[in-house]
Amino acid sequence: MKYDHKPVEKKWQNIWEEKGVFHAETGGDKPKFYALIEFPYPSGQGLHVGHPRPYTALDVVSRKRRLNGYNVIYPIGWDAFGLPTENYAIKNHIHPEIVTRDNVKRFKKQIQSLGISFDWSREINTTDPEYYKWTQWIFIELFNHGLAYKHEAAVNWCTSCKCVLANEEVVNGVCERCQSEVVRKVKSQWMLKITEYAERLINDLDLVDYPERVKAQQKNWIGRSTGAEVDFQTTTGSKLTVYTTRPDTLFGATYMVIAPEHPFVNEFAGKITNLDEVKAYQDAAARKSDFERTELAKDKTGVRLEGVMAINPVNNKEIPIFISDYVLVSYGTGAIMAVPAHDTRDYDFAKAFDLPIIEVVAGGNIEEEAFTDCATGIMVNSGLLDGLSVEEAKIKITQWLTKNEVGHAKVNYKLRDWVFSRQRYWGEPIPIVHCEKCGYVPIPKSELPLRLPEIDSYEPTETGESPLANITEWVNTKCPCCGGDAKRETDTMPQWAGSSWYYLRYMDPHNSEALVGKEAMDYWKQVDWYNGGMEHTTLHLLYSRFWHKFLYDIGVVPTKEPYAKRTSHGMILGENGEKMSKSRGNVVNPDEIVEEYGADTMRMYEMFIGDFEKAAPWSASGIKGCRRFIERYWNLQTIMTGDTKIRPELESNFHKTIKKVGDDIENIKFNTAIAALMALINDITETGSITKEELRIFSILLNPFAPHVTEQVLEDCKLSACMITDESWPEYDEAKCKDDTVEIVVQINGKTRSRFIISSDASSDEAISAAKSDAKIAEAINGMTIIKELYVKGKLVNLVVKPN
RNA sequence: GCCGGUGUGGUGGAAUGGCAGACACAAGGGACUUAAAAUCCCUCGGUGGCAACAUCGUGCCGGUUCAAGUCCGGCCACCGGCACCA
């Protein structure tokens, strides 16, 4: 009996759509379950087989949870602002809105062919003015709370995108999107004060169920460190403050280093006797790109500021001051005390410049290298700290600094504020005007959305301004505050804006009065399970946690965290084991798979391909095994008997499989869930028949993976009219998960020597004596002394013996 | 350098400290067929053996244990993230 997937899949997709079975209702008695996948960016290339992996995974969970009696919301939308669309629009002279519309249409058709149980009635699009109205609304709130500010600073400038980038978007000194060179450029930019939330973004990781690697990566990125700020007086009469994590080594500070951009240089230019040399070094440092800076990281360079000295507060010794680009202006105070004996970088610098190295922690060999291990050393040459451990010394010196008012304990973060403006067209306009008199003023909320103006050219400008700057009639406006002449902000928001809060809009996507209505917010609360890629850990995931916390602070959302649980999928690679990409020519289009094998087979294969969290190469032959399985399942119909019970010989097998499939789905072990179903079908087929009840249960277990064919089989066999509305997830009985008899392995000294069958509730004594009476064992232990006898219930007997 | 992860057959991958290789793919052999496809059956980590079986085997070296892929210590390799962050 040949299975023709095309009419069956089409038919059930239509039925689900007509009945609206996946439309989530806000409210009701059932427990709610909010499943979320990262909404796609509708690119021009269409879907590749990597996209459906997470969609299918949470679809499996969602479908199972519906059968478990949950009120499930599983929404989807489009993260449609962004550069590829804009660049395509420029190249082909089509409006990005039209490009977006066409791409969305194609993506939607492709996704719908897979039978994912998305609630399409909640579909959103970040480029829809009714959507970005609320993105702008949040920006205005951020501004009103002092968390959005305009700041002139050196920013990352992508030479190809002609646009600034957030720190998170610069990878190895190049643009993460186009791999072009990133240079530093001083520009006035909108910034978001994510640093204000650094501590909470770390601490609240304790409130959520994320994989350890995600938590670690976020903590690492935020980069919390504890230490102290210490004031050094200088011979200019003005002080320099440094940050250190090793205040215990203060007596070993033999010089100071400040960043080339540090304002101290200009402030005391008159006192510096080698100013030309210093200026030359500053210029050279400024000209280096980020890439060059990282490349040249090894060799220490710098210039001493002649004519000025710093004074170490603990011993009043004068020490020289250098500028060097190994000290970053953006971290700490932009100045350090250098302790060459106990810091590798300072050690290298001191060797290069022939500076004194004073050991203050004994335990290493500072003739050879810096001794940086702070767990084992004992303080020396350090006055009041001598004899203490490093940890004790840190506490004592910090108290001393505080008491003498020359320093205090300090926490620092690597996290920088978020550079939020982009000099491009296809993004949300920033709803701010600049008035000579009133400064930066948000537009009234009643004027939201502030729509993107129609425009002839979306080309980025060479001057580094947004294309919007050319539309004078749009730029020139009145100040909402004083009514005088004012200019609109012409930069737009980054792609990360719309995706920082989209999960909230799904709760109430058509509300024109509020971002989310109170009823919907109180009911859905937060996302229960969010699956997404590791590549978003320090971008989208961090940004949206920040926005959510802000929305919590201003009373818009009731939870501290947006996502209760996060899981991450591995990539699907090309058949050659490389990342799938057009340029490598190894892209597999899901349309062809759905056409040839059907959506059910496609879904099964993507779930069976390997460990969900790890990357796995696509295999054209591997998918055939899943198609064979679907066909074997389909053909069970032909051997169905009228019996309405599970046969006793299969009972424990069924109970075990119900337990395993359910547990495995919840633990994202989809591959072993499917393996269990395959093993069960093998056992069923071996009997030559299947009962009605067996087929019904098996179909429900398989349904989350292969929803179309299972519906059809239930209908054909008159077992159920509709899986989703009429069936529920089967229960298992723990007591029935075990067999009456078990095979026991008999080991002698830990090596398997024989095996036998015994009743599964046999006692230890029974099992051991049965083992000893086994012919092979009896022979093997003949002439031996038994030292120890072990019985592991239902598993094995181990006899420890030695020769007489 | 720091943080996280991985290492098991020809391949993808299974194994609450308890029979290593479940479940698949590929390969080889056979049945059916005029033939092919499909399907069904058998074999499938290495070595020795006709076989029963023996023996070795989860990156490397040690350790704990009656028993280690799994736990502990020390290495090696690869992948991901961060990186002159004081």
Side-chain angles (χ1 to χ4, degrees), chain A residues 2 171-172 211-225 227 242-247 249 253 257 259 293-294 296-300 324-328 330-339 342-346 348-349 372 412-416 534-535 537-538 570-571 575 577 604-605 608-611 613-626 628-629 631-632 635 669 671-682 685 743-755 776 787-801:
Chain A
K2 182 95 178 104
V171 176
N172 295 329
E212 201 42 54
R213 57 185 173 145
V214 172
K215 289 190 182 184
Q217 214 167 296
Q218 287 208 343
K219 282 182 192 167
N220 209 309
W221 182 258
I222 296 167
R224 183 182 199 271
S225 74
V242 304
Y243 172 70
T244 178
T245 56
R246 296 292 305 275
T249 61
V257 186
R293 259 205 174 190
T294 33
L296 300 169
K298 308 289 167 268
D299 300 322
K300 297 284 176 290
S324 170
D325 62 4
Y326 87 90
V327 172
L328 308 175
S330 55
Y331 184 75
T333 61
I336 62 156
M337 63 175 206
V339 185
H342 305 289
D343 181 284
T344 312
R345 297 150 303 181
D346 297 344
D348 294 344
F349 191 89
T372 57
N412 255 320
Y413 304 92
K414 292 186 198 171
L415 186 70
R416 302 269 70 89
M534 282 305 289
E535 70 275 18
T537 301
T538 54
M571 243 189 301
E575 288 215 67
M604 288 277 297
Y605 179 58
F608 187 61
I609 195 167
D611 184 337
E613 297 189 87
K614 291 199 205 113
W618 183 263
S619 160
S621 55
I623 195 163
K624 288 184 188 149
C626 289
R628 275 180 211 144
F629 171 76
E631 281 171 11
R632 291 181 69 196
N635 286 324
K669 302 188 81 171
N671 54 338
T672 50
I674 291 171
L677 289 168
M678 287 173 167
L680 180 56
I681 209 173
N682 289 345
T685 322
E743 190 184 56
I744 299 293
V745 166
V746 187
Q747 298 181 332
I748 293 173
N749 292 342
K751 293 208 172 194
T752 304
R753 283 293 177 264
S754 185
R755 54 199 76 203
K776 271 183 258 173
I787 305 165
K788 203 165 179 179
E789 299 170 340
L790 290 119
Y791 175 58
V792 180
K793 196 163 167 44
K795 293 250 168 69
L796 62 73
V797 169
N798 189 11
L799 304 175
V800 185
V801 300

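Chain A is the first sequence line, chain B the second, and so forth, proteins listed ahead of strands; every chain is numbered from 1. These numbers come from the heavy atoms of this one structure, side chains and all, not from hydrogens, waters or symmetry mates.
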Does a side-chain N or O from A:K788 land closer than 4.0 Å to OP1 or OP2 of B:rC66, or not? yes
Between P of B:rA24 and CZ of A:F629, the distance in whole Å: 9 Å
Stems of at least 3 consecutive Watson-Crick or G-U wobble pairs (donor-acceptor distances under 3.5 Å) involving RNA chain B, listed by first number, are B:1-7 with B:76-82, B:10-12 with B:23-25, B:27-31 with B:39-43, B:45-48 with B:53-56, B:59-63 with B:71-75
Establish whether the base of B:rC84 is bridged to the side chain of A:K300 by a donor-acceptor pair shorter than 3.5 Å. yes
What's the closest nucleotide to the A:D325 side chain, out of B:rC84, B:rA24, B:rA86? B:rC84
Rounded C1' spacing from B:rG1 to B:rC61 in Å: 25 Å
Between the protein and nucleotides 35-41 of chain B, list the N/O to N/O atom pairs that are separated by less than 3.5 angstrom.
none

Looking at every strand, decide which applies to A:E789 at a 4.0 Å heavy-atom threshold: base, sugar-phosphate, or nothing. nothing
P gap between B:rA26 and B:rU34, integer Å: 26 Å
With no hydrogens and no angle check, do the side chains of A:N412 and A:R224 hold a donor and an acceptor under 3.5 Å apart? no
For the pair A:D348 and A:Y326, evaluate side chain to side chain donor-acceptor pair (under 3.5 Å) and give the outcome as yes or no after the intermediate values. CA-CA 11 Å; A:D348 294 344; A:Y326 87 90; over 6 Å; no
Let me know, please, whether A:I681 or A:L796 comes out on the 5' side of the other along RNA chain B by nearest nucleotide. A:L796
Does A:K669 place a side-chain N or O at less than 4.0 Å from the phosphate oxygens OP1/OP2 of B:rA15? yes
Given that A:A675 and A:M534 both sit by RNA chain B, which one's nearest nucleotide is further toward the 5' end? A:A675
note: A:Y605, atom OH; B:rA26, atom P; distance rounded to Å ~ 11 Å
Quiz item: A:N798 side-chain donor-acceptor pair to B:rC66 base, under 3.5 Å: yes
Main chain of A:E631, side chain of A:N635: is a donor-acceptor contact present, judged purely on distance under 3.5 Å? yes
If you compare every side-chain N and O of A:S225 against the phosphate oxygens of B:rA86 (OP1, OP2), does one of them come in below 4.0 Å? yes
Calculate the interatomic distance between A:D611 atom CG and B:rC23 atom C1'; express it in whole Å. 15 Å
Return yes if some donor-acceptor pair links the side-chain N/O of A:R416 with the main-chain N/O of A:S330 below 3.5 Å, else return no. yes
Nearest to the side chain of A:R755 - B:rA14, B:rC19, B:rC82? B:rC19
Rounding to an integer number of Å, can you tell me how far A:Y326 OH sits from B:rC84 P? 13 Å
Protein N or O to nucleotides 45-56 of chain B N or O, pairs below 3.5 Å:
{"unit_1": "B:rC56", "atom_1": "OP2", "unit_2": "A:K751", "atom_2": "NZ", "d": "3.3"}

B:rC44 and B:rA52: how far apart are their P atoms, nearest whole angstrom? 10 Å
Using a 4.0 Å heavy-atom cut-off, does A:N671 contact any base of the nucleic acid, only the sugar-phosphate backbone, or nothing at all? sugar-phosphate
Which is true for A:E212 with a 4.0 Å heavy-atom rule: it touches a base, it touches only sugar-phosphate, or it touches nothing? nothing
Show your working on side-chain contact (heavy atoms from CB on, under 4.5 Å) between A:F629 and A:I681 and close with a plain yes or no. CA-CA 9 Å; A:F629 171 76; A:I681 209 173; 3.9 Å; yes
What nucleic acid atoms does A:D346 come within less than 4.0 Å of, heavy atoms only: base, sugar-phosphate, or nothing? nothing
Would you kindly give the CE-to-P distance between A:M678 and B:rG13, to the nearest whole Å? 15 Å
Taking CG from A:L799 and P from B:rG18, how many angstroms apart are they, rounded to a whole number? 19 Å
Would you call A:E212 and A:K219 a salt bridge, taking side-chain N to carboxylate O under 4.0 Å as the test? no
Determine the Euclidean distance between corresponding P atoms of B:rG13 and B:rG57; express it in Å to zero decimal places. 25 Å
Give me the distance, rounded to whole Å, that separates B:rC56 from B:rU8 when you measure between the C1' atoms they each carry. 15 Å
May I ask you to evaluate whether A:Y331 reaches the phosphate of B:rA86, defined as a side-chain N or O under 4.0 Å from OP1 or OP2? yes
Between A:E575 and A:P617, is there a donor-acceptor pair closer than 3.5 Å when you use the side chain of the first and the backbone of the second? no
Would you indicate what A:A335 reaches in the nucleic acid, counting non-hydrogen atoms under 4.0 angstrom: base, sugar-phosphate, or nothing? nothing
Give one of base, sugar-phosphate or nothing for A:F608, where a contact means two heavy atoms less than 4.0 Å apart. base
Can you check the A:K414 NZ to B:rG81 C1' distance for me, whole Å? 11 Å
Which part of the nucleic acid does A:N412 contact within heavy-atom distance under 4.0 Å: base, sugar-phosphate only, or nothing? nothing
With heavy atoms under 4.0 Å as the rule, sort A:G625 into base, sugar-phosphate or nothing. sugar-phosphate
On the six-membered ring of A:F349, is A:K300 placed so that its NZ or CZ lies under 6.0 angstrom from the centre and within 45° of the ring axis? no
Determine whether the side chains of A:S225 and A:Y413 contain a donor N or O and an acceptor N or O closer than 3.5 Å. no
Is there a side-chain contact between A:W221 and A:T537, using heavy atoms and a 4.5 Å cut-off? no
Please state how far atom NZ in A:K795 lies from atom P in B:rG17, giving the value in whole angstrom units. 10 Å
Is any side-chain heavy atom of A:Q747 closer than 4.5 Å to one of A:V745? yes
Anti/syn call for B:rG9, syn if |chi| within 90°: syn
Verify, without hydrogens or angle tests, whether A:N798 (side chain) and A:G750 (backbone) share a donor-acceptor contact under 3.5 angstrom. yes
Counting any heavy atom closer than 4.0 Å, what does A:L790 reach on the DNA or RNA strands: base, sugar-phosphate only, or nothing? base
Given the C1' atoms of B:rG69 and B:rG18, what is the spacing between them in whole Å? 13 Å
Where the side chain of A:N749 meets the backbone of A:V801, is there a donor-acceptor pair that is under 3.5 Å apart? yes
Stepwise side-chain contact (heavy atoms from CB on, under 4.5 Å) check, A:K776 with A:R753: CA-CA 7 Å; A:K776 271 183 258 173; A:R753 283 293 177 264; over 6 Å; no
Do the side chains of A:K793 and A:Y791 get nearer than 4.5 Å, heavy atoms only? yes
Sugar-phosphate only, base, or nothing, as touched by A:K793 at under 4.0 Å among non-hydrogen atoms: nothing
Provide the distance between the two C1' atoms, one in B:rU65 and one in B:rC72, to the nearest whole Å. 12 Å
For nucleotides B:rU47 and B:rA36, find the distance between their C1' atoms and express it as a whole number of Å. 40 Å
